[in-house]
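Okay, so here's the structure we're looking at.
Order of the sequence lines fixes the chain letters, A, B, ..., with proteins taken first and strands second; residue numbering starts at 1 for each chain. Computed from a prediction, not measured in an experiment: that's the story for all the values here.
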Amino acid sequence: SQQGEEDPQALSIQEGENATMNCSYKTSINNLQWYRQNSGRGLVHLILIRSNEREKHSGRLRVTLDTSKKSSSLLITASRAADTASYFCATSTSGTYKYIFGTGTRLKVLA
Amino acid sequence: NAGVMQNPRHLVRRRGQEARLRCSPMKGHSHVYWYRQLPEEGLKFMVYLQKENIIDESGMPKERFSAEFPKEGPSILRIQQVVRGDSAAYFCASSPMPGGANTGELFFGEGSRLTVL
């Protein structure tokens with residue numbers, strides 16, 4: 001079954017605002033990653049957070065992980081029109097090497 | 001260092017034909033993943049291969065689909081007797097180590113978009 005589910009499915013904000021996306025998963029994980037996909041393109045890795053970490057930052061990105069709630073959030077601060085894309089979480093679990101992707105959040109940043 | 005190369009980028013097939021999608025991983029990467037993406041949906045895991053070995057094919061349909069990653073040459077995803085429901089984008093990702101590099105990152109190609117008429 002699908003491991004990750006993002007919400008909201010779609011998000012539209014004004015440039016300069018912050019964007020928050022959430023990801024929920026079902027089983028214990030080794031790590032959780034966030035990827036970005038521009039329309040018609042492949043996925044690009046943004047950030048990885050391990051199961052023993054609670055928060056991580058990279059530039060304008062902030063990721064949190066709550067293993068007790070089996071959820072993660074991705075915050076993009078001071079959004080730009082160029083941040084318009086779909087964002088996916090991906091989880092890996094013990095004993096497997098595959099990554100399971102969520103359903104994605106489609107973010108639109110209006111200039 | 002070239003990224004993950006997939007070809008063809010676009011492929012049109014009629015029902016019943018065969019589709020063959022190729023993926024050349026990044027240099028030095030010996031682990032390849034294939035994913036399928038339907039429009040407006042997430043990626044569905046299909047198969048994970050190492051050189052000459054299929055490690056996990058739990059996401060592959062049991063019929064008509066096969067994958068290989070030979071010692072020399074690209075990884076191939078083969079779909080026999082295609083049906084309209086096979087229309088999708090197929091993405092390949094590679095990594096230098098099982099389950100990704102030390103960062104866990106997968107490097108994706110631009111995808112092959114299959115349309116079945």
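For A/Q37, the part lying near chain B is the side chain, with the backbone staying farther off; criterion is any non-hydrogen pair under 4.5 Å. For a residue to count as touching a neighbouring chain, one of its non-hydrogen atoms must lie under 4.5 Å from one of that chain's; by this rule B/Q37 touches chain A with the side chain only. When heavy atoms are compared at a cutoff of 4.5 Å, B/E41 approaches chain A solely by way of its backbone atoms N, CA, C and O.
The environment of A/E15 atom CD is dense: over 12 non-hydrogen atoms of other residues, nucleotides or ligands sit within 6.0 angstrom.
In summary, the side chains of B/E63 and B/Q80 do not present any donor paired with an acceptor at a separation below 3.5 Å, with no hydrogens or angles considered.
Ring orientation note: the planes of B/Y90 and B/F65 are tilted relative to one another, at an angle of 30° to 60°.
Aromatic pair B/F108/A/Y35: ring centres closer than 6.0 Å.
In terms of heavy-atom pairs under 4.5 Å with chain B, the best-connected choice from A/N30, A/I47, A/V44, A/L43 is A/L43.
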